[in-house]
Protein chains: 2
Amino acid sequence: MAARTDDDGPAIPPAIESAWGLRERPPKGPRPGLTVSGIVDAAVRVADADGLAAVSMSRVAKELGAATMALYRHIGSKDELLMLMVDTGYGPSPGPAAPGVDWRAGLTRWAWAEHDVLRRRPWLLHVPITGPPLTPQTLGWMEDGLRCLDGTALTEGEQMSALLLITGYVRSEATLTTQITEGSRAAGRKPGEMMPAYGRMLSRLIDPARFPALHRVLTSGVLNHDDDPDEEFTFGLDRILDGIEALIRRRAV
Amino acid sequence: MAARTDDDGPAIPPAIESAWGLRERPPKGPRPGLTVSGIVDAAVRVADADGLAAVSMSRVAKELGAATMALYRHIGSKDELLMLMVDTGYGPSPGPAAPGVDWRAGLTRWAWAEHDVLRRRPWLLHVPITGPPLTPQTLGWMEDGLRCLDGTALTEGEQMSALLLITGYVRSEATLTTQITEGSRAAGRKPGEMMPAYGRMLSRLIDPARFPALHRVLTSGVLNHDDDPDEEFTFGLDRILDGIEALIRRRAV
DNA sequence: CATTACAGCGTACGACATACGCAGAAGGAG
DNA sequence: CTCCTTCTGCGTATGTCGTACGCTGTAATG
């Protein structure tokens, strides 16, 4: 049989199959003491406690009381482990919006849900993303977001683009906020002192003649105190939703 | 004056001082054969050629015909090197908008300029960002962006937020596009086949009853071909600018 | 009971960042 | 000119990491 390909289409990576529970236990051999989900949970525990940098294969194995190389019976590589960590790290999606809720309120709730997850698990932002979502939980998030836009006049492509726009914003804002909090901890500074410290550095570095706009911002005093992160987040989110709303209105005419 | 500290404010990291050219050559000792900018240029060359993962201290040293440890006379750590790489990687800012150009056209040009840089040097997206910009070129970019919003009714804080919104979007969109192109190269797939492959995987994984909205997108056919990246970019950018415009109009009343 | 396939693990290897200390060069002081 | 200080470049060594390979014991099948 020359080209008998039982799987139509591209191959599904083994880590993805694990995440969907498509691996059947083989009939022979000793019963496994380790499981994929157990390994992933342990890795998430390490990341929650000490950050993504602390997640090494040996550290995860120690967490499980196993040897380092034992993990490789269940996952193919550290990259696979990271992909699975993202899936369980995001956790279950917030669920569909209540009936009667309009798209804007629905997406606001959706964005805040991701925002909360990233606040709780900032290490998710440090995982290098290697492609579009393929794991169950992350696809659940996408599903819930898409449902919010179901009744609108946007095309499917526009709905995807709008969602990508929002997720991108949430991650970007979380990255910024996390940097500030992590950076202030690393510099031994009290929270709330980060922006003033940044402002003072800037004022010593920049020449007002060469950077007039920056100098204007600097003297305006907006950098004198850390912004309330939630207000910052709301500001940007409202701008994006305004932009989407403008398109929807135009389409609906 | 109780606490006379000669440096008022927080200490400036040595890498930052190097970037601003504030290091004076000491009068004694042998003349340096290596320079900070030479090292950074070599590292950028390596990243341009083989990606950020190829940038190791030994590889950069080899590029310069020097020994690995020689680099540490000039930079404090690899993280410092990365920060300097970002500065020269971004390069000079696009410059202020021509007089008479309104804020929207100015910011569009600004966003496309960053977009082009990230297309040319996708490794910039893989550098873990550790804080707000402090180096000359990156601050130049911020300066140019701020100038676009100078005449508008937005407060300084709102101007910064708007800029952050746009940069975040540009980086986020570039990350996505880069993943698709890098991923298709890694999977040995022709460009243009990535989204269809993704769609086929999805259709084999998701249950239409559990993921109705995703299934609807899947059957709509939008995933049957790779989107034109420039159109995608324009779509999101226009949404964000629409949102900012709505705010400016409201303020201007 | 023999076979077989698999689980857990010990060892080993190559790549990496980087701490430490030595050798030699270049300018200043006598 | 000579000596001394101070800097540059670098060789060595250490600890961490991901992971390839192969051995040992175990559980179910024939």
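Convention: sequence-line order gives letters A, B, ...; per-chain numbering from 1. Remember, it's a predicted structure, so these values are computed and weren't measured experimentally.
Aromatic ring centroids of B:Trp123 and B:His126 lie 6.0 Å or more apart.
The interatomic distance linking B:Asp79 (CG) with C:dA17 (C1') rounds to 10 Å, in whole Å. The OH atom of B:Tyr72 sits 20 Å away from the C1' atom of D:dC7 (whole-angstrom rounding). The distance between atom CE of B:Met69 and atom P of C:dC22, rounded to the nearest whole Å, is 15 Å. If you measure from atom CD1 of A:Ile75 to atom C1' of C:dG8, you get 14 Å, rounded to the nearest angstrom. Counting to the nearest Å, the C1' atom of D:dC10 and the NZ atom of B:Lys62 are 16 Å from each other. One atom, CG of A:Leu82, and another, C1' of D:dC17, lie 13 Å apart when rounded to the nearest Å. In this structure, NZ of A:Lys78 is placed 8 Å from C1' of D:dC17, rounded to the nearest angstrom. Per the geometry, CE belonging to A:Met57 stands 6 Å off P belonging to D:dT19, to the nearest Å.
Side-chain contact of B:Thr177 with B:Glu173: a donor-acceptor pair under 3.5 Å is present, judged by distance alone. Judged by distance alone, the side chains of A:Thr138 and A:Thr135 do bring a donor and an acceptor atom under 3.5 Å apart.
Nearest-nucleotide mapping onto DNA chain C: of A:Arg23 and B:Ser56, the residue sitting toward the 5' end is A:Arg23. Projected onto DNA chain D by closest heavy-atom contact, A:Ser58 and B:Thr68 fall at different nucleotides, the more 5' of which corresponds to B:Thr68.
The side chain of A:Pro30 lies closest to C:dA5 when the candidates are C:dA25, D:dC10, C:dA5.
Put simply, the residue from B:Asn224, B:Asp227, B:Ile180 that forms a side-chain contact (heavy atoms from CB on, under 4.5 Å) with B:Met195 is B:Ile180.
Within 6.0 Å of atom CZ in B:Arg45, more than 12 heavy atoms from other residues, nucleotides or ligands are found, so the atom counts as buried in its surroundings.
Nucleic acid contact class of A:Ala70 (heavy atoms, under 4.0 Å, all strands): base.
Phosphate proximity of D:dA27 to A:Lys28: absent, as no side-chain N or O sits under 4.0 Å from OP1 or OP2. The side chain of B:Arg31 places an N or O atom within less than 4.0 Å of a non-bridging phosphate oxygen (OP1 or OP2) of C:dG27.
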